Protein chains: 2
Amino acid sequence: MLASAAELDYRPNVWARNLASGQTNTIGVMLNDLHNPYFAELAEGVAAGATENGMEVLITSGWQREAGENAAIETLLNLRTDGIVLGAARFGSEAFSEMAQQIPTVAVSNFHEPDAMDTLCNDEAYGAELIVEHLTSLGHTRIVHIDAGNAPGAPERRKGFTTAMSQRGLAPIVFEGDFNEQSAREAAVDIMKLKEPPTAIFAANDLAASGVFAHLRSVGVRIPDDVSVVGYDDTVLAGLGAISLTTVRQPVQMFGRRATELLIERINGRQDAKHELLRPSLVVRSTTGPVPASP
Amino acid sequence: MLASAAELDYRPNVWARNLASGQTNTIGVMLNDLHNPYFAELAEGVAAGATENGMEVLITSGWQREAGENAAIETLLNLRTDGIVLGAARFGSEAFSEMAQQIPTVAVSNFHEPDAMDTLCNDEAYGAELIVEHLTSLGHTRIVHIDAGNAPGAPERRKGFTTAMSQRGLAPIVFEGDFNEQSAREAAVDIMKLKEPPTAIFAANDLAASGVFAHLRSVGVRIPDDVSVVGYDDTVLAGLGAISLTTVRQPVQMFGRRATELLIERINGRQDAKHELLRPSLVVRSTTGPVPASP
DNA sequence: CTGAAAGCGCTAACAA
DNA sequence: TTGTTAGCGCTTTCAG
């Protein structure tokens with residue numbers, strides 16, 4: 001009688017079941033940092049995919065530290081989850097490839113480890129192209145990109161920007177920055193000192209755009225009347241009424257769902273590695289507008 | 001030889017160990033929603049506390065839905081973690097007290113279930129008092145609070161506000177709002193229509209403050225020259241250069257650490273419930289200033 | 001102090 | 001089909 005089992009609140013012992021069956025019916029998700037909404041959304045996507053497939057999800061976080069990531073992975077490895085979705089920041093450490101040999105793994109990142117694991121990542125270049133297309137269609141020609149050096153995804157965004165600009169016969173101007181407010185703010189100071197300041201600035205991500213935004217505001221430059229500003233990632237701050245930033249949205253939830261699918265394929269025996277690129281989309285808000293009439 | 005065990009990458013089977021020992025050496029954390037930085041920080045505090053005590057941490061999320069929370073708890077219950085830290089939004093559901101009977105539980109919330117579990121919560125009234133004290137010391141007397149109805153923590157903040165105002169012989173004015181931008185923005189519209197608009201607005205939380213901020217900006221009111229704005233929670237957006245909001249910071253990490261301590265006490269046999277209130281602190285940024293000279 | 005044996009609560013393979 | 005039994009890989013107990 002199933003009912004009575006429930007009534008007597010009998011709870012099957014997962015430890016015993018897993019031990020006997022050698023399976024856990026659980027997907028482990030290792031996140032670099034829970035504070036990052038990107039990773040939260042990734043986990044949500046995995047949870048959605050897992051639920052659809054009747055699997056459980058367990059999350060561990062590396063708290064932004066490499067040692068933390070390794071410990072988090074170790075926890076999952078010890079738990080012997082059926083597979084692991086990796087939302088890690090620090091790749092290349094051999095720990096990851098080693099792990100992929102032990103357990104079905106799919107990484108969501110700009111990292112490519114040809115065969116050990118599957119990878120899923122955002123088509124950064126396409127996102128940059130969306131931005132350039134949007135701005136040029138508004139009449140902008142002097143567009144500056146504040147990059148984020150070699151931070152994950154940044155080189156691809158930069159490359160996408162320069163390519164898209166060149167294809168349109170425009171000069172791609174790049175200033176050095178990073179994925180934070182401060183460095184973008186400093187870059188913005190330099191940018192506005194140019195003999196011919198740009199009419200649009202494409203920041204490395206939303207946070208950087210917020211830094212640009214803050215500086216332009218503080219020196220009386222109107223947005224988007226004088227200068228258009230674009231971010232990248234569509235984080236919460238982009239949607240804030242006080243900012244309302246035009247940005248590019250990565251299909252992060254989709255990463256999670258797709259990661260689950262790939263993982264299940266692996267669990268079912270697929271051996272060859274798949275590497276997929278998913279396309280982001282443009283979110284137009286209030287920080288971009290037509291190029292101002294020349295003075 | 002320990003070394004050889006590691007070299008042969010032998011990995012003790014947690015399932016078997018837990019089955020045999022009846023312990024897991026793991027703390028489960030059930031979070032209402034991973035997207036909320038509050039919960040991320042809570043989990044981080046638990047992780048810190050757990051690491052210090054040589055325990056592992058496993059996280060599940062309810063994805064903001066009650067059914068999700070219940071499923072997340074069920075997962076943890078099935079895993080038979082040694083204890084559970086509850087970072088839940090929806091309390092009062094009998095599921096929680098039932099669970100607390102089955103497994104050591106500590107809840108971080110404004111919820112009080114006298115004996116089934118320990119609870120930890122922010123001293124909301126004290127936080128409201130910090131704000132009133134800060135504003136009155138700047139000379140403000142006409143202070144309006146936009147509340148969040150009966151949302152978790154909101155009644156206590158409102159109560160703290162009215163008490164602190166009354167104690168200082170000031171009239172506590174409260175407008176109805178919620179923990180989001182839109183409703184606070186609407187409240188701000190009404191507030192600025194008052195015959196005598198306030199010189200300071202204390203919003204229910206940072207997001208609400210952002211809504212107020214956006215409205216005031218849009219109608220040309222200067223912050224803090226004309227009106228001071230205060231938020232609550234010190235979320236990321238408060239620190240943004242474009243906003244730089246004065247706010248109140250809850251000791252969320254401390255919640256996590258303390259929750260772990262209480263949990264370990266419970267695991268070691270304590271039966272009586274503890275209910276603790278932790279004090280927040282004021283974070284002064286750029287949205288508060290001296291009361292403007294009367295016109 | 002070291003080593004063998006008996007479970008922990010299930011699943012899976014086998015026998016009836 | 002249903003019922004029985006042998007492990008899964010540990011910990012713990014008990015004997016040596």
Side-chain angles (χ1 to χ4, degrees), chain A residues 1-28 30 50-58 60 70-84 95 98-105 263-270, chain B residues 1-28 30 50-51 53-58 60 70-84 95 98-105 263-269:
Chain A
M1 257 208 201
L2 242 75
S4 71
E7 277 162 27
L8 300 168
D9 71 340
Y10 159 80
R11 186 179 294 285
N13 188 313
V14 191
W15 307 114
R17 167 145 40 94
N18 294 348
L19 181 59
S21 70
Q23 297 194 154
T24 63
N25 201 36
T26 300
I27 292 178
M30 199 298 279
T51 303
E52 282 169 15
N53 290 281
M55 302 188 79
E56 308 271 0
V57 172
L58 249 19
T60 59
N70 291 334
I73 286 176
E74 205 58 24
T75 301
L76 255 24
L77 246 27
N78 281 336
L79 278 176
R80 290 166 153 73
T81 54
D82 293 344
I84 290 185
E98 250 180 57
M99 172 189 58
Q101 242 105 5
Q102 297 179 40
I103 185 175
T105 303
L263 207 49
I264 291 175
E265 288 179 20
R266 284 237 164 200
I267 292 170
N268 292 334
R270 176 165 57 76
Chain B
M1 259 209 199
L2 242 76
S4 72
E7 277 161 27
L8 299 168
D9 73 338
Y10 158 81
R11 186 179 295 284
N13 187 314
V14 191
W15 307 114
R17 168 144 42 92
N18 294 348
L19 182 59
S21 70
Q23 298 194 153
T24 62
N25 202 35
T26 300
I27 291 176
M30 199 297 278
T51 304
N53 290 281
M55 303 187 78
E56 307 272 0
V57 171
L58 249 21
T60 59
N70 291 333
I73 286 177
E74 207 58 25
T75 301
L76 256 22
L77 246 26
N78 281 336
L79 278 176
R80 291 166 152 74
T81 55
D82 293 344
I84 290 184
E98 250 180 58
M99 171 190 58
Q101 243 105 7
Q102 298 178 40
I103 186 175
T105 303
L263 207 50
I264 291 175
E265 289 178 19
R266 284 236 163 201
I267 292 170
N268 292 334

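Below, chain A is the first sequence line, B the second, and so on; all start at residue 1. Side chains are part of it too, since the values below use all heavy atoms of this structure and drop only hydrogens, waters and symmetry mates. Just so we're clear, the structure is a prediction, and the values are computed from it rather than from any experiment.
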K.L.:
Could you give the distance from CZ (A:R266) to OG1 (A:T105), rounded to the nearest 0.5 Å?
P.N.:
7.5 Å

K.L.:
OG1 of B:T24 to CG of B:L19: how many Å apart, nearest 0.5 Å?
P.N.:
12.5 Å

K.L.:
When the distance from CG of B:N13 to C1' of C:dG9 is rounded to whole Å, what number comes out?
P.N.:
14 Å

K.L.:
Which nucleotide sits closest to the side chain of A:L19: C:dC10, C:dG9, D:dC10?
P.N.:
C:dG9

K.L.:
Compare the minimum distances between each of D:dG9, C:dC10, C:dA12 and the side chain of B:A20, then state the nucleotide with the smallest one.
P.N.:
D:dG9

K.L.:
Give the rounded distance in Å between these two atoms: CZ of B:R17 and P of C:dG7.
P.N.:
22 Å

K.L.:
Using whole Å, report how far CZ of A:R80 lies from C1' of C:dC10.
P.N.:
17 Å

K.L.:
Report the distance from atom CG of A:N18 to atom P of C:dC8, rounded to the nearest whole Å.
P.N.:
19 Å

K.L.:
Does the side chain of B:T26 reach to within under 4.5 Å of the side chain of B:L79, using non-hydrogen atoms?
P.N.:
no

K.L.:
Nearest whole Å is fine: how far is D:dG7 C1' from B:W15 CH2?
P.N.:
18 Å

K.L.:
What is the distance, to the nearest angstrom, from the CD atom on A:Q23 to the P atom on C:dG9?
P.N.:
22 Å

K.L.:
Given atom CG of A:L79 and atom P of D:dC10, what is their separation to the nearest angstrom?
P.N.:
14 Å

K.L.:
Looking at B:M99 and B:I84, what are the two nearest heavy atoms and their distance?
P.N.:
SD-CD1, 3.9 Å

K.L.:
Quick one: which of C:dG9, D:dC10, D:dT11 gets closest to the side chain of A:A16?
P.N.:
C:dG9

